[in-house]
Amino acid sequence: MKPNFDQAQLQAVGELLKVPAKVVITTHHKPDGDAMGSSLALYQYLKNSGHDVQVIAPSDYPDFLYWLPGNEQVINYDHAGGRAKQLVQEAGLIFCLDFNAPSRMEKLGEFVVASGAKKVLIDHHLDAEDFCDFNFSFPTSCATCELIYYFIVALGGKQAITKEVAECLYTGIMTDTGSFRFSSMTADTHEIIAELMRAGAENYTIHENIYDNFSLDRTRFLGHCIKEKLVVLPEYRTAYIQVTKEELKEYNHQSGDTEGIVNYALGIKGVKMAVFFCERDHLIKISFRSKDGFSVKELAASHFSGGGHRNAAGGRSTDSLDQTVQRFLNLLPEYKSQLNPV
Ligand code: 5GP
Ligand code: MN
């Protein structure tokens with residue numbers, strides 16, 4: 001959906017960008033297609049405008065995103081913390097993209113918050129916290145990449161949408177809308193996609209780069225999850241999958257391998273909520289998805305220190321995997337009237 005940017009804030013950011021600036025662009029921990037797509041699109045635009053720009057990812061991210069133009073200059077905080085801290089300290093301007101609270105940057109967050117740089121938030125998550133000088137927070141937008149499109153066009157005109165910018169933006173809109181199918185996808189967004197294709201983004205190449213690039217291990221892991229681990233609870237119209245660290249190891253887990261598996265549980269007829277519980281080193285990471293009006297964001301925020309969107313949310317737990325799943329199961333009666341009204 002087209003955002004109505006605050007013109008005074010937009011002008012103020014435009015003023016800051018009239019002279020060459022040292023810019024850092026960052027995003028959330030474990031960045032996805034929209035996080036990296038929006039960061040690298042803005043990177044390309046600001047670099048083309050003569051700024052000194054650096055993208056810092058708070059952690060690693062899936063290798064099916066490595067083809068994105070500009071990826072080679074991205075710094076990963078987990079691998080180059082010292083350099084990342086220095087860049088954040090020296091920056092005049094920091095863009096925070098595709099997240100709503102400093103905690104989503106994990107360890108990098110405290111340095112970004114402490115930096116004297118002017119900070120700009122561009123994001124589409126609900127309930128943005130007030131930690132930036134300029135806020136472009138639009139929860140009705142389908143993707144941060146959509147907001148970056150409008151932001152670049154507002155500052156630089158349509159000619160600023162180069163092929164590289166278009167490829168990055170197409171990627172984020174595609175991945176955050178489930179390939180253009182979610183209710184967040186509007187006619188205006190389809191028009192943006194058309195503009196991006198006119199600017200040189202090849203739809204078939206991008207889909208292939210992102211979706212036809214799984215390792216054999218990941219494909220077998222998906223099979224294991226569906227055949228051996230999927231549990232369906234018809235009474236609650238809920239399906240869930242839980243996987244242990246040992247299972248991840250057995251299938252040679254790489255960053256991004258668990259992404260999207262929850263959607264297979266959601267794809268079952270009659271299922272209204274799907275959950276994927278994944279045991280990591282020191283915590284359980286949980287992915288929630290839902291159909292219709294059921295809000296997994298509320299459930300994730302109230303019980304699993306998380307949040308997100310109504311139909312796609314995430315959370316975490318420091319209990320054991322079994323305890324976490326049991327805690328979730330114990331909650332279901334409370335939500336039964338919403339999940340399966342009689
Ligand atoms: P995923 O299940 O793909 O990791 O996350 C789905 C959505 O939930 C993300 O787009 C993000 O908005 C949100 N999300 C995931 N993990 C967290 C979390 O730990 N905290 C909050 N507030 N949101 C999360
Ligand atoms: Mn996003």
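We use all heavy atoms of the structure for the numbers below, so side chains are in, but hydrogens, waters and symmetry mates are not. Order of appearance sets the numbers: ligands from 1, and atoms from 1 within every ligand.
- For D176 against F182, the heavy-atom pair with the smallest separation is O-CD1, 3.4 Å.
- The atom of D98 nearest to the Mn ion (ligand 2) is OD1, with the search restricted to N, O or S atoms.
- Between the Mn ion (ligand 2) and the N, O or S atoms of D176, the shortest distance is to OD2.
- One side chain, S141 or E146, offers a donor N or O that lies under 3.5 Å from an acceptor on the other.
- The N, O or S atom of D34 lying closest to the Mn ion (ligand 2) is OD2.
- Below 4.0 Å from some heavy atom of H125 lie the following atoms of ligand 1, by number and element: 10 (O), 11 (C), 12 (O).
- Atom 6 (C) of ligand 1 has R289 NH1, 3.6 Å as its closest protein atom, hydrogens excluded (heavy atom only).
- Taking a cut-off of under 4.0 Å to the non-hydrogen atoms of S287, the atoms of ligand 1 that pass are 1 (P), 2 (O), 4 (O).
- For ligand 1, the atoms sitting less than 4.0 Å from at least one non-hydrogen atom of H309 are 10 (O), 12 (O), numbered in the order shown with element in parentheses.
- Taking any N or O of F288, backbone or side chain, none lies under 3.5 Å from an N or O belonging to ligand 1.
- Taking the N/O/S atoms of H124 in turn, the shortest distance to the Mn ion (ligand 2) belongs to NE2.
- Within the 4.5 Å cutoff, side-chain heavy atoms of F180 are placed close to those of I173.
- A cation-pi arrangement is absent between R218 and F221, since the terminal nitrogen or guanidinium carbon is not both under 6.0 Å from the aromatic centre and inside a 45° cone about the axis.
- Listed by number with element, the atoms of ligand 1 under 4.0 Å from a non-hydrogen atom of R316 are 19 (O).
- Polar contact with ligand 1: present for K285 (N/O pair, distance under 3.5 Å).
- The N/O atoms of G314, backbone and side chain alike, include one that comes under 3.5 Å of an N/O atom in ligand 1.
- The shortest N or O to N or O distance between N100 and ligand 1 is not below 3.5 Å.
- Interface of G307 with ligand 1, defined as ligand atoms under 4.0 Å from a residue heavy atom, comprises 8 (O), 13 (C), 14 (N), 20 (N), 21 (C), 22 (N), 23 (N), 24 (C).
- Side-chain atoms of Y43 and H51 form no donor-acceptor pair, as typed in the model, at a separation below 3.5 Å.
- For the residue pair T205 and E208, no side-chain donor N or O sits within less than 3.5 Å of a side-chain acceptor on the partner.
- Close approach of ligand 1 to G308 is summarised as follows: ligand atoms under 4.0 Å from at least one heavy atom of the residue are 8 (O), 12 (O), 13 (C), 23 (N).
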